[in-house]
Amino acid sequence: MLTKIHHVGVVVHSADEALKFYRDALGLPVTADRIIEDQGVRGVLLQIGNSEIELLEPTRDDTGVAKFLASRGEGMHHICFESDNVDAELEGARAKGLELIDQKPRPGLAGMICFLHPKANHGVLVEFATPLAEGHWPPWPASVSRI
Ligand code: CO
């Protein structure tokens with residue numbers, strides 16, 4: 001079941017520059033700041049109530065986020081809905097014939113995640129996420145930094 005908007009993803013040239021707005025001007029606290037090597041992004045999460053803003057800065061040029069930035073510039077990238085069962089959400093979307101990007105959930109900044117194709121969602125890239133329980137963190141290699 002979808003329970004809330006977990007975060008809104010924003011693509012930026014420089015997370016450090018964007019933090020001057022989200023952290024310094026708006027006063028939102030940073031809850032995570034990680035390089036996700038296989039995705040080629042630095043991801044920074046900032047808390048706003050019980051939702052988050054996710055800043056995405058490409059760390060190399062051959063990724064979807066880098067191509068988005070090159071073609072469309074900085075701005076809103078995706079909306080993430082939290083679910084208590086990301087596997088069931090993905091299977092439900094598949095059963096309804098929605099176009100998928102991920103064929104199965106994978107580890108991401110927000111926990112176990114998957115993406116639907118924006119063609120299926122009126123132009124908005126949609127992510128489903130099930131945060132991991134405490135003690136199961138982190139889902140990615142220990143070489144990835146976390147604050
Ligand atoms: Co996201």
Side-chain angles (χ1 to χ4, degrees), residues 1-23 26 28-94 96 98-134 136-141 143-147:
M1 181 176 67
L2 300 179
T3 53
K4 68 171 192 176
I5 293 175
H6 183 276
H7 65 265
V8 172
V10 178
V11 171
V12 298
H13 286 293
S14 163
D16 288 332
E17 285 298 314
L19 282 170
K20 292 177 184 174
F21 175 70
Y22 290 100
R23 181 193 58 203
L26 298 189
L28 304 181
V30 174
T31 57
D33 186 348
R34 305 185 187 85
I35 305 291
I36 303 175
E37 295 288 354
D38 66 334
Q39 301 295 311
V41 297
R42 174 185 173 194
V44 181
L45 292 177
L46 300 106
Q47 192 87 27
I48 171 71
N50 62 1
S51 296
E52 294 171 322
I53 301 291
E54 179 183 75
L55 303 178
L56 297 166
E57 174 192 322
T59 57
R60 55 174 199 267
D61 292 335
D62 63 342
T63 66
V65 169
K67 288 170 186 157
F68 179 97
L69 185 60
S71 66
R72 299 174 61 171
E74 291 187 309
M76 277 201 47
H77 180 258
H78 67 272
I79 186 165
C80 177
F81 297 97
E82 182 170 327
S83 170
D84 53 4
N85 187 340
V86 70
D87 295 273
E89 301 302 341
L90 188 57
E91 282 315 307
R94 195 194 320 272
K96 292 175 184 116
L98 301 181
E99 194 167 341
L100 311 178
I101 290 179
D102 294 303
Q103 297 305 313
K104 60 177 188 169
R106 58 184 170 81
L109 202 60
M112 290 304 291
I113 66 163
C114 63
F115 282 94
L116 306 185
H117 198 286
K119 276 186 198 163
N121 315 307
H122 303 271
V124 175
L125 180 60
V126 166
E127 177 181 8
F128 294 145
T130 297
L132 298 183
E134 291 292 332
H136 290 88
W137 199 266
W140 41 79
S143 61
V144 175
S145 65
R146 180 185 183 219
I147 64 168

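Numbering of ligands and ligand atoms starts at 1, following listing order. By convention here, the first residue in the shown sequence is residue 1.
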Please identify which of these residues, Ile53, Val30, Asp16, meets the side-chain contact (heavy atoms from CB on, under 4.5 Å) condition with Arg23.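 In the set Ile53, Val30, Asp16, the residue that makes a side-chain contact (heavy atoms from CB on, under 4.5 Å) with Arg23 is Val30.
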Take the Co ion (ligand 1) and tell me which protein N, O or S atoms are nearer than 2.8 Å.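 Only His7 NE2, Glu54 OE1, His78 NE2, Glu127 OE1 fall inside 2.8 Å of the Co ion (ligand 1).
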Is atom CD1 of Ile48 surrounded by more than 12 heavy atoms (other residues, nucleotides or ligands) closer than 6.0 Å?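 Atom CD1 in Ile48 is not crowded, with 12 or fewer foreign heavy atoms closer than 6.0 Å.
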Check: Phe115 ring centre within less than 6.0 Å of His78 ring centre: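 Yes, they do, as the ring centres are separated by less than 6.0 Å.
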Residue pairs, two or more places apart or on separate chains, that pass ring pair (Phe, Tyr, Trp, His ring centres under 6.0 Å) and touch residues 52-75: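 Pairs touching residues 52-75 that pass the test: Phe68-His77.
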Contact list for residues 33-64, test ring pair (Phe, Tyr, Trp, His ring centres under 6.0 Å), sequence neighbours left out: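 Every pair satisfying ring pair (Phe, Tyr, Trp, His ring centres under 6.0 Å) with a residue in residues 33-64: there are none.
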Lys4: which residues meet the salt bridge (charged side-chain N to carboxylate O under 4.0 Å, His left out) condition with it, sequence neighbours left out?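 Lys4 satisfies salt bridge (charged side-chain N to carboxylate O under 4.0 Å, His left out) with Glu82 once adjacent residues are dropped.
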